[in-house]
Number of protein chains: 2
Amino acid sequence: MAETPDSATETADSSSPGHDCLCPLGGVMDLLSRRYAMQLVCVVDAIGPARYGDIEATFEEVSSSTLSTRLEELVDAGILSREQYDEIPPRVEYELTETGEELGERLEPLLRWAEEIDETELATGQSKER
Amino acid sequence: MAETPDSATETADSSSPGHDCLCPLGGVMDLLSRRYAMQLVCVVDAIGPARYGDIEATFEEVSSSTLSTRLEELVDAGILSREQYDEIPPRVEYELTETGEELGERLEPLLRWAEEIDETELATGQSKER
DNA sequence: CAGAATCCATTCGGATACTG
DNA sequence: CAGTATCCGAATGGATTCTG
């Protein structure tokens, strides 16, 4: 398969014993490994400038505290941008940053696939291999 | 908790039944949202038939209990296959199932990107943009 | 070697209530 | 509308120990 060993930069990585490009353990992946994080990115991607209420409506089963925590994390990570309009009633719009869009592009195939798999598993009641 | 799209309310449903592709909330995504799950899939993808020890060595900071839990979950989900050879010393090899390979294909771009982002963020020290 | 089992600290996330 | 604050139970994941 495509096992690009990266361009072996002569700047020898001090910490990594041989392997390097396999698995980012912290950083963004940790964020994305939190509940609904990936889905959240995709939702904002899908509905464009998204207001809090829109997002909340999409995830009916998610509590507001969790949702706003996740949103805040994604904003802090530079994945989402938050635009606040001081009107009455107040309006806030979340959007993907450029980074966020890059992420979204990579997330979409995954979520699409996941959805498909879930359906077939629910249909057959079992996974393919066991 | 089975998530039915709640088609009972057909009265002016804002979300058309056509684009249901937004966000799988349960199923595989829940699994993948657990710690190291995605990285695990990619590692097995990368090193092919992977023995437990190899995997463990790749994630130096992950405890064996967590690792084996995650492995079991992925096997149960039909993403990894587990081949056990009754030798002495015992040998076990994990591999991606077909489903797993499909997943891996979608995961690889994501992890690659994540790695890249992490590096630039660490380098510049910034996590916010715009 | 490849884990299973156990125990436990921490974190996470849900419910609820309240605010600018 | 768009959250925040607080509380708390549940789940997660780590350390350690033990085993076929």
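Chain identifiers are assigned alphabetically (A, B, ...) following the order of the sequence lines, protein sequences preceding nucleic acid strands; residue numbering begins at 1 within each chain.
Note: OH (A:Y85) to P (D:dA2) measures 12 Å, nearest angstrom. Rounded to whole angstrom, the span from the CD atom of B:E93 across to the C1' atom of C:dA2 amounts to 13 Å. One atom, CD of B:E83, and another, P of C:dG3, lie 12 Å apart when rounded to the nearest Å. Nucleotide D:dA15 holds its C1' atom 19 Å from the CZ atom of B:F59, rounded to whole Å. When the C1' atom of D:dC1 is taken as reference, atom CG of A:L71 falls 14 Å away, rounded to whole Å. Taking atom CG of residue A:L40 and atom C1' of nucleotide C:dC12, one finds them 16 Å apart after rounding to whole Å. C:dT19 atom P lies 18 Å from atom CD1 of A:I88, rounded to whole Å. Going from atom CG of B:L74 over to atom C1' of C:dG3 covers 16 Å, rounded to whole Å.
Note on A:E73 versus A:R70: salt bridge recorded, some NZ/NE/NH1/NH2 to OD/OE distance being below 4.0 Å.
In terms of heavy atoms, A:V41 sits closest to A:G100 at CG1-O, 4.3 Å.
For A:R82 and D:dA2, the shortest distance from a side-chain N or O to OP1 or OP2 is not below 4.0 Å. Between A:R51 and D:dA2 there is a side-chain polar atom (N or O) within less than 4.0 angstrom of OP1 or OP2.
B:Y85 has its side chain out of reach of B:V92: every pair of non-hydrogen atoms, C-beta onward, lies at least 4.5 Å apart. Side chains of B:L80 and B:E95 form no contact here, defined as non-hydrogen atoms less than 4.5 Å apart.
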Under 3.5 Å, which donor-acceptor pairs link side chains of residues 27-37 of chain A to any protein atom two or more places apart or in another chain?
unit_1, atom_1, unit_2, atom_2, d
A:D30, OD2, B:R35, NH2, 3.3
A:S33, OG, A:M29, O, 2.7
A:R34, NH1, A:D30, O, 2.5
A:R35, NH2, B:D30, OD2, 3.4

Kindly give the atom pairs (protein nitrogen or oxygen, nucleotide nitrogen or oxygen) under 3.5 Å for nucleotides 11-14 of chain D.
unit_1, atom_1, unit_2, atom_2, d
D:dT12, OP1, B:R34, NE, 3.2
D:dT12, OP1, B:R34, NH2, 2.5
D:dG13, OP1, B:R35, N, 2.8
D:dG13, OP2, B:R70, NH1, 2.6
D:dG13, OP2, B:R70, NH2, 2.7
D:dG14, OP1, B:R35, NH1, 3.1
D:dG14, OP1, B:Y36, OH, 2.9
D:dG14, OP2, B:T66, OG1, 2.8
D:dG14, N7, B:S65, OG, 3.4

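Of the N and O atoms on the side chains of A:T66 and A:T69, not one donor lies less than 3.5 Å from an acceptor on the other residue.
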Would B:L40 and B:F59 satisfy side-chain contact (heavy atoms from CB on, under 4.5 Å), going step by step from the backbone distance to the final call?
CA-CA 9 Å; B:L40 199 40; B:F59 302 97; 3.6 Å; yes

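Contact annotation for B:Y94: backbone-only contact, meaning every heavy-atom pair under 4.0 Å involves sugar-phosphate atoms and none involves a base.
Projected onto DNA chain D by closest heavy-atom contact, A:P89 and A:T69 fall at different nucleotides, the more 5' of which corresponds to A:P89.
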